[in-house]
Visitor: 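Here you go, one structure.
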Amino acid sequence: MRILVVEDEVILREGLSDLLEGAGHEVVAVGDGLIAVERGVGEAFDMVVLDWMLPRLEGPEVCRRLRLARPGLPVLMLTAKGDERDKVDGLHAGADDYVTKPFSPRELLARVEVFARRLKAAPAPAEVIEEDGAALDLSRCVVVRDGHEEALTAREVGILRWLWRHRGRAVTRAELLEHVWGLSPNLETRTVDVTIMNLRKKIERDAKAPRLIVSVKGIGYSFGALR
Ligand code: CA
């Protein structure tokens, strides 16, 4: 599996990476909640091992945001407390399972293997959106149009995934900032417009007359035209 490990303590993060790689998994390890959301939303992972206490954005909130953008992504939460209330909060945020620190390597691997077996039994479907002559392959982070393939950034994939998931309604810039950037929606929204302008050049037949990411006056954007 391709696993995103989110843990701010360096020794534990490296230990987890070694352990999971030793068991044959591919690991991307990060130490910060916001970066975790950015990578987890924009890239293809089979599961996330997520620490509870993290800088910038805590584990349950990371889990909640990942869940919004990638509903099927399994999350195994690490908690130092083992407190019943925390367990309930975390499950509420959408975690699938728990390991209480300190845990044994064997215990963690056993939990991860449960997810690996589930994935083998029911592999995640490829995420390809075909629209207006473009194939947006979100799992591979590429767009193919007229036989030409171009790479999409993690952020661009995050935007597409969010708009697609909410197609049929207008999505605000503040919403994109919060869920794709992981930033406070009160911040500058011009960033969103600039990113979408560049994304349109990659995916639209004519970036000046966009049909995939359509502007909704006074609100933001929608995937395709709203009826
Ligand atoms: Ca921590």
Side-chain angles (χ1 to χ4, degrees), residues 1-119 124 153-155 157-158 161-162 175-187:
M1 291 195 291
R2 187 161 192 264
I3 303 176
L4 177 63
V5 169
V6 191
E7 168 60 65
D8 57 319
E9 286 161 57
V10 178
I11 293 176
L12 189 50
R13 182 166 73 234
E14 287 173 355
L16 282 166
S17 297
D18 289 348
L19 181 69
L20 294 168
E21 281 170 0
H25 301 291
E26 184 190 340
V27 175
V28 171
V30 301
D32 166 307
L34 281 182
I35 295 171
V37 171
E38 187 180 329
R39 299 209 55 176
V41 168
E43 294 176 40
F45 288 100
D46 299 311
M47 76 171 290
V48 182
V49 175
L50 178 64
D51 187 29
W52 181 282
M53 298 285 282
L54 290 166
R56 298 214 286 170
L57 201 63
E58 293 210 331
E61 181 58 19
V62 171
C63 186
R64 198 182 65 79
R65 293 190 191 184
L66 286 175
R67 264 301 136 74
L68 285 167
R70 311 271 323 252
L73 184 63
V75 175
L76 173 65
M77 192 96 89
L78 308 176
T79 164
K81 301 164 190 171
D83 182 300
E84 273 309 305
R85 201 188 55 210
D86 284 351
K87 217 166 189 170
V88 171
D89 283 354
L91 288 173
H92 211 71
D96 297 273
D97 197 7
Y98 263 85
V99 176
T100 305
K101 287 178 178 175
F103 49 83
S104 73
R106 235 178 103 186
E107 183 189 359
L108 185 95
L109 278 183
R111 302 287 185 93
V112 168
E113 281 318 307
V114 171
F115 291 107
R117 279 201 299 276
R118 248 183 243 168
L119 184 71
T153 65
R155 190 92 73 197
V157 170
R161 191 172 271 133
W162 189 265
E175 193 180 333
L176 288 171
L177 266 182
E178 184 182 355
H179 295 289
V180 179
W181 272 259
L183 293 175
S184 154
N186 302 323
L187 289 170

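As a basis for the values below, the full set of heavy atoms in this structure was taken, side chains included, without hydrogen atoms, waters or symmetry mates. In each ligand, atom 1 is the first atom listed, and ligand 1 is the first ligand listed.
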Visitor: Counting N and O atoms only, with roles assigned by atom type, does the side chain of Arg65 sit under 3.5 Å from a partner on the main chain of Val180, one being a donor and the other an acceptor?
Guide: no
Visitor: Just how far is it from atom CD of Glu107 to atom OG1 of Thr100, taken to the nearest 0.5 Å?
Guide: 7.5 Å
Visitor: Which atom, among the N/O/S set of Asp51, is closest to the Ca ion (ligand 1)?
Guide: OD2
Visitor: Is Asp51 paired with Arg13 through a side-chain N to carboxylate O contact shorter than 4.0 Å?
Guide: no
Visitor: I'd like to know if the Ca ion (ligand 1) has an N/O/S atom from Glu7 within less than 3.0 Å of it, counting both backbone and side-chain atoms.
Guide: no
Visitor: So which N/O/S atom does Asp8 have closest to the Ca ion (ligand 1)?
Guide: OD1
Visitor: Which residue, Val10, Leu12, Ile11, forms the side chain to side chain contact (heavy atoms under 4.5 Å, CB included) with Glu14?
Guide: Val10
